[in-house]
Each structure stands twice: as structure tokens, then as C-alpha cells.
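Working notes, structure below.
Values in this document were obtained by computation on a predicted structure and should not be read as measured data.
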Amino acid sequence: MLKYAALLLCSASLGACAQTAALTKSGQQAAAKTGDYWYDGAQTTLAERKAIKANKSKAKNVILFVADGMDPTTVAAARIYDGQSRGEDGEENLLSFERFPYLAMSKTYNTDMQTPDSAGTMTAMATGYKTKAGIISLDNTAERSDCASSLEAHAPTIVELAERAGMATGVVSTARLTHATPAATYAHAADRDWENDTQLPDGAYEIGCRDIASQLIDFEYGDGVDLALGGGRSNFLPEDFADPEDQDKSGARKDGRNLAAEWMTKSNSHIFIWNEEQFNRIDPSTDPKILGLFERSHMKYELDRPDDSDGEPSLEAMTKKAIEILSRNENGYVLVIEAGRVDHAHHGGNAARALADTQEFAQAIAAARAMTDQADTLVIATADHGHTISFAGYPAKGNDILGFAAMPDDDGELEPMKALDGKPYTTLGYANGPGAVFNKNVDLSDGRPALDHDEIAHKDFQQQALVPSYSETHGGQDVTIYASGPGAYLFGGVVEQNYIFHVIDDALRLRSRAGE
């Protein structure tokens with residue numbers, strides 16, 4: 001077997017590391033190909049970049065895609081996962097949004113937190129105001145959980161402004177529609193946890209605060225939100241109303257309001273749906289206004305979606321349907337689409353589901369870009385924050401991204417590398433989370449548990465983590481903004497996260513059209 005101990009010393013000398021890598025079989029193969037595949041590929045990329053002409057015209061439509069928790073490490077791992085899922089190596093692969101011509105780095109901190117939460121970060125993107133953690137579309141004068149402080153702090157959102165400008169609007173998420181990211185597009189709340197009436201503090205309703213679910217139904221701008229697809233059904237149904245899918249469960253509301261029924265009373269065009277069959281029957285040519293709530297809480301992870309009892313649409317399918325419906329408005333549309341469960345998988349220390357949902361996110365973006373005209377539709381893809389996922393070791397090119405970090409032996413067979421405890425480790429891991437060995441009910445007399453191939457190949461596998469915690473945490477790193485279409489050229493360098501709103505506003509002339 002080749003000796004790889006020197007690789008562990010790469011941090012001491014980058015030159016030595018490069019020389020060591022060049023001696024491996026994979027390194028020799030890479031060197032042989034550089035003058036052909038990668039060298040010529042770089043020349044092609046250079047020519048393509050030089051041919052780009054900045055589109056400085058105004059946009060008719062904007063689609064903002066947000067993958068909750070999708071940091072640059074997640075993107076790098078997901079591109080390999082995506083390629084490997086098609087039988088390719090994956091390293092040369094690009095996810096759809098990575099082909100966009102313009103990008104920038106987004107600083108994600110909240111005004112009171114180095115490592116942010118989704119409420120404050122999405123508020124920045126949806127309103128143009130950076131604010132505190134846990135706050136939904138309020139400026140920085142508001143205090144979390146303080147209803148009174150929120151009443152004069154409402155920050156207009158891109159959905160509100162678009163409706164006031166006569167545009168069509170839509171919100172799509174694989175999380176609950178009342179969860180922080182989608183909620184920030186249409187609601188204002190001093191606490192992201194105020195998803196239904198039971199979660200409002202005593203006295204809040206009396207002085208003017210409302211729960212997030214009711215704000216979607218009572219939305220007073222324009223003709224209301226035209227389309228809302230996601231999870232969170234229980235927050236819209238009363239406690240004495242049986243859930244249509246899980247008949248032994250009921251709604252969460254104690255105020256007696258059936259918000260799904262109220263949606264349908266708005267007009268003959270307002271439709272409530274809760275399963276895939278109903279979704280597939282929707283005819284965009286009838287100009288429907290749809291409230292789709294496909295789960296009591298969050299929608300299924302993409303890896304689990306085929307097992308849903310009554311079926312639910314994919315993020316790609318919801319994206320396509322939303323564009324088909326909203327594009328019928330001659331004044332254009334604003335559409336916000338969240339891949340909410342990338343974040344949840346990371347919190348669970350579960351890279352397989354995080355990467356699969358990122359792959360689906362990329363497919364939804366590819367579909368959106370194919371269905372729209374780059375001359376009039378600005379498409380932005382980004383994340384609200386990162387996580388603590390790590391991509392480490394020295395795995396050979398083509399190694400299973402969800403497998404052990406492995407290098408070829410003398411016969412060219414991939415052999416898992418060993419840590420100092422003599423046990424293999426996976427390429428992907430987490431700095432903290434439920435995968436930490438101290439969280440497990442295991443015998444630690446022999447140190448870190450030894451993993452096997454069958455264990456790490458399961459979709460439920462939680463990558464090992466350094467610091468034990470019930471839930472893996474967000475990360476404070478910058479995330480990437482990718483953009484294509486009119487106004488996309490304005491993205492470049494390192495920007496504050498709330499800059500995204502200002503580019504959208506500029507591209508659509510949103511505030512001026514709304515009378516701001």
C-alpha cells in the first residue's frame with residue numbers, strides 16, 4: 001500500500017503537499033490531462049466570460065431562490081453528489097446556478113449575532129433592512145418578542161411592494177409557509193415563533209400583533225398573494241378540524257379560524273390543495289390563486305418524498321407551476337422560492353438529505369431559467385446562512401462524496417484513510433451536532449466508534465461531529481449570490497446581505513412603481 005502519512009503534514013508546507021499529491025496515481029493522471037481537458041476548458045471559459053454583455057435594462061420579473069443553509073461547502077459537495085448520481089466523477093460538474101455569469105459573497109450576520117438565524121437574514125433580502133435574529137420583516141428598532149416595539153417598525157417586503165405595483169406574486173417553500181424564510185416575504189412579527197395564534201404572547205393581539213399564518217390570508221396589498229405552496233397546514237386549521245391527510249391529527253389554531261376555508265371564500269379563483277393529485281390538476285390558464293399546504297409541518301425531504309402517503313410535488317414541479325401561473329400577469333411577477341430543508345438536514349447532521357435537497361434546488365433553478373427569458377427575468381440564487389459542514393481529508397478524485405475519505409492503494413483500489421486512532425473517517429463531517437460520539441449510547445472505552453460502509457451509505461447516517469449537541473448549528477461564514485438576467489451585473493465583490501433587495505428594487509423599479 002502507498003504511504004500517505006506525509007499527507008497529514010501538508011499544513012506544514014504547501015509545496016511539499018503539492019509534491020506529495022503529484023506522486024499519487026490520481027495526481028499523475030491529473031497532470032497528464034491538464035494540457036487537454038482543463039487547460040482547453042479554461043480557454044473556453046475565458047472566451048465565454050469575455051463575450052458577456054452586461055444587461056442594464058430593467059427587469060419585468062424577478063425570481064429569488066434561497067436554499068436555507070447552503071454555504072459554499074454544501075455547494076461543492078452537492079455538485080459532486082449531483083455528478084456522481086449520474087455515474088460521473090462529479091468534480092468537473094457544475095450545478096445549474098453555478099453557470100450564472102455574475103456572483104458575489106453575502107455577509108450574513110444579524111445586527112445582534114455573528115452567526116445568524118433565518119428570520120434576520122431573510123428579512124435583509126426581502127426588505128433591504130438588516131435586523132436582529134428572530135425578527136420577521138421589521139427594521140432594527142424592533143426588539144425580539146416585544147409586540148409593542150414592532151408596531152412602528154414594519155419594513156415593506158418585495159411581495160408587498162410588487163402587489164402594490166400591480167404585479168403577480170408567489171411564495172414557494174419546502175418548509176412550513178409560516179417558517180422564517182417564507183414568512184419574511186409577506187408577514188411582520190417580532191418573533192419568528194408566532195406562527196399561529198396560540199404562540200402570540202398575552203396581550204399581543206389586543207395591541208395589534210397578528211400571527212404569521214393569518215397575515216398570509218389577511219394580506220391587504222394589491223389583490224393578495226397569488227400563489228403560496230409549501231407545508232405548515234396545522235397553522236392554518238382550527239384545533240377541532242381533522243387534518244385531511246392525517247385524520248387522527250387536527251389543526252393548531254385555538255381562535256376557531258379555518259384559514260384554508262377563508263382563502264377559498266375570497267373568490268371563485270381561490271383554490272386550496274393539499275396533495276399531489278390536486279396539484280397536478282391545476283390548470284394555469286384559469287388564472288387560479290392557490291394555497292397549497294402539503295404537510296402538517298414541513299414537506300418531505302427529497303429522498304423521502306416518494307414515500308409520502310398522499311403524494312406531494314417536488315420543488316422543481318412547484319417552481320414550474322408557479323411560473324406558468326404568475327407569468328400570465330402582463331405587469332410581471334415576483335416569485336420567492338425556498339429549499340427549506342437543506343437547513344434541517346444539516347441541523348440533523350445528515351449530509352445525504354442536505355445534498356439531495358440542494359440537487360433538487362439546482363434542478364428547480366434550471367427549470368426556471370429554461371422557462372424564462374434572460375432578457376427580462378432576473379434570477380438570483382443564494383442562501384440565508386451557512387452551517388458547520390466540513391469537506392476534509394485527502395480523498396482521491398472520483399471518491400464517493402458520502403463515503404470514507406479514500407486514496408488508491410498499489411493496485412489502484414480505493415482504500416479508506418485512517419485517522420490517528422487507526423479508524424476510517426468520512427469526507428464530510430460537522431464541527432458540532434448530533435453525530436458527535438458523546439451524544440450516542442455507545443461504549444467509548446475504545447474511543448471513536450469505527451464506522452463501516454453499510455452504516456455510512458444509509459440515508460439516515462449522521463456524519464460524525466466534533467462537539468456534541470442535540471442540533472448542529474448555523475455557521476457564520478459568507479454565502480454566495482449567483483445571478484443571471486437584467487441587473488445581474490450589479491452583483492460582485494463582498495456585499496451586505498440586504499444589498500440583494502436593493503438590486504431587485506433597482507431592476508424592477510419596485511418602490512417607485514409601488515408609490516414609495
Side-chain angles (χ1 to χ4, degrees), residues 48-49 51-66 95-104 125-126 128 156-172 185 221-223 225-229 284-285 287-290 315-338 361-382 481-492 495 499-516:
E48 291 172 348
R49 296 292 302 180
I52 293 173
K53 298 288 191 293
N55 183 350
K56 297 185 178 182
S57 62
K58 297 304 180 184
K60 179 181 180 181
N61 317 301
V62 168
I63 308 176
L64 173 60
F65 282 93
V66 180
L95 299 170
S96 61
F97 53 85
E98 293 185 284
R99 299 182 184 277
F100 286 3
Y102 299 99
L103 58 148
M125 291 185 273
T157 74
I158 52 175
V159 169
E160 291 173 6
L161 294 170
E163 281 291 336
R164 288 164 56 186
M167 302 176 72
T169 58
V171 182
V172 175
T185 66
Y221 302 95
D223 61 355
V225 177
D226 296 286
L227 175 142
L229 303 174
S285 69
D287 295 322
K289 296 185 181 298
I290 305 172
L315 186 65
E316 180 183 0
M318 291 191 291
T319 297
K320 289 179 177 179
K321 187 79 75 174
I323 293 172
E324 289 172 347
I325 293 170
L326 300 181
S327 62
R328 294 175 58 80
N329 187 312
E330 62 183 15
N331 295 322
Y333 60 85
V334 167
L335 174 60
V336 180
I337 299 173
E338 183 204 21
F361 177 71
Q363 291 173 182
I365 294 171
R369 189 71 284 178
M371 294 175 68
T372 56
D373 188 343
Q374 293 192 49
D376 69 9
T377 302
L378 171 62
V379 178
I380 301 169
T382 188
I481 306 165
Y482 307 84
S484 168
Y489 75 97
L490 295 170
F491 287 110
V495 299
Y499 177 69
I500 293 172
F501 167 89
H502 293 275
V503 173
I504 293 172
D505 175 50
D506 182 77
L508 291 172
R509 307 174 307 282
L510 199 53
R511 285 179 296 172
S512 61
R513 291 168 62 187
E516 282 283 299

Exercise. Take atom CZ in Arg99; do more than 12 heavy atoms of anything else shown fall under 6.0 Å from it?
Worked result: no
Exercise. Is there a side chain to side chain contact (heavy atoms under 4.5 Å, CB included) between Ile63 and Asn61 once you walk through the steps?
Worked result: CA-CA 7 Å; Ile63 308 176; Asn61 317 301; 5.6 Å; no
Exercise. Taking 4.0 angstrom as the limit, do Glu324 and Lys320 come out as a salt bridge?
Worked result: no
Exercise. Are any of the side-chain nitrogens in Lys58 or Asp376 under 4.0 Å away from the carboxylate oxygens of its partner?
Worked result: no
Is [X] reaching over with its side chain to a backbone N or O of [Y], donor-acceptor style, under 3.5 angstrom?
X: Asp226; Y: Thr169; result: yes
X: Arg511; Y: Asp505; result: no
X: Arg328; Y: Ser285; result: yes

For this session: Evaluate the side-chain proximity of Arg49 to Pro101: yes if any heavy-atom separation is below 4.5 Å, no if none is.
Result: yes
Exercise. With side chains defined as the heavy atoms from C-beta onward, is the minimum distance between Leu161 and Tyr221 less than 4.5 Å?
Worked result: no
Report the residue from [options] that forms a side chain to side chain contact (heavy atoms under 4.5 Å, CB included) with [X].
X: Ile481; options: Leu103, Val503, Ile500; result: Ile500
X: Phe501; options: Leu64, Asp506, Ile158, Thr157; result: Ile158
X: Pro486; options: Asn55, Asp373, Thr377, Val62; result: Asn55

Quick one: pull up [atom1] in [X] and [atom2] in [Y] and give me the separation to the nearest 0.5 Å.
X: Met371; Y: Ile323; atom1: CE; atom2: CD1; result: 5.0 Å
X: Glu316; Y: Phe361; atom1: CD; atom2: CZ; result: 13.0 Å
X: Asn331; Y: Leu508; atom1: CG; atom2: CG; result: 11.5 Å
X: Leu335; Y: Thr319; atom1: CG; atom2: OG1; result: 7.0 Å
X: Met167; Y: Leu510; atom1: CE; atom2: CG; result: 6.5 Å

For this session: Looking only at non-hydrogen atoms, find the nearest pair between Gly492 and Ala104 and report the distance.
Result: N-CB, 3.4 Å
For this session: Locate the shortest heavy-atom distance separating Ala362 from Ser96; write the atom from each residue and the value.
Result: O-OG, 2.5 Å
Taking only residues two or more places apart in sequence or in another chain, which ones pass ring pair (Phe, Tyr, Trp, His ring centres under 6.0 Å) with [X]?
X: Tyr482; value: Phe97
X: Phe491; value: Tyr499
X: Phe100; value: none

Exercise. Going through the distances and angles, do Lys289 and Asp223 end up as a salt bridge (Lys or Arg N to Asp or Glu O under 4.0 Å)?
Worked result: CA-CA 10 Å; Lys289 296 185 181 298; Asp223 61 355; 3.2 Å; yes
For this session: Verify the distance criterion only: is there a donor paired with an acceptor across the side chains of Arg369 and Ser484 at less than 3.5 Å?
Result: yes
Exercise. Passes side chain to side chain contact (heavy atoms under 4.5 Å, CB included), Leu490 versus Tyr102? Steps please.
Worked result: CA-CA 8 Å; Leu490 295 170; Tyr102 299 99; over 6 Å; no
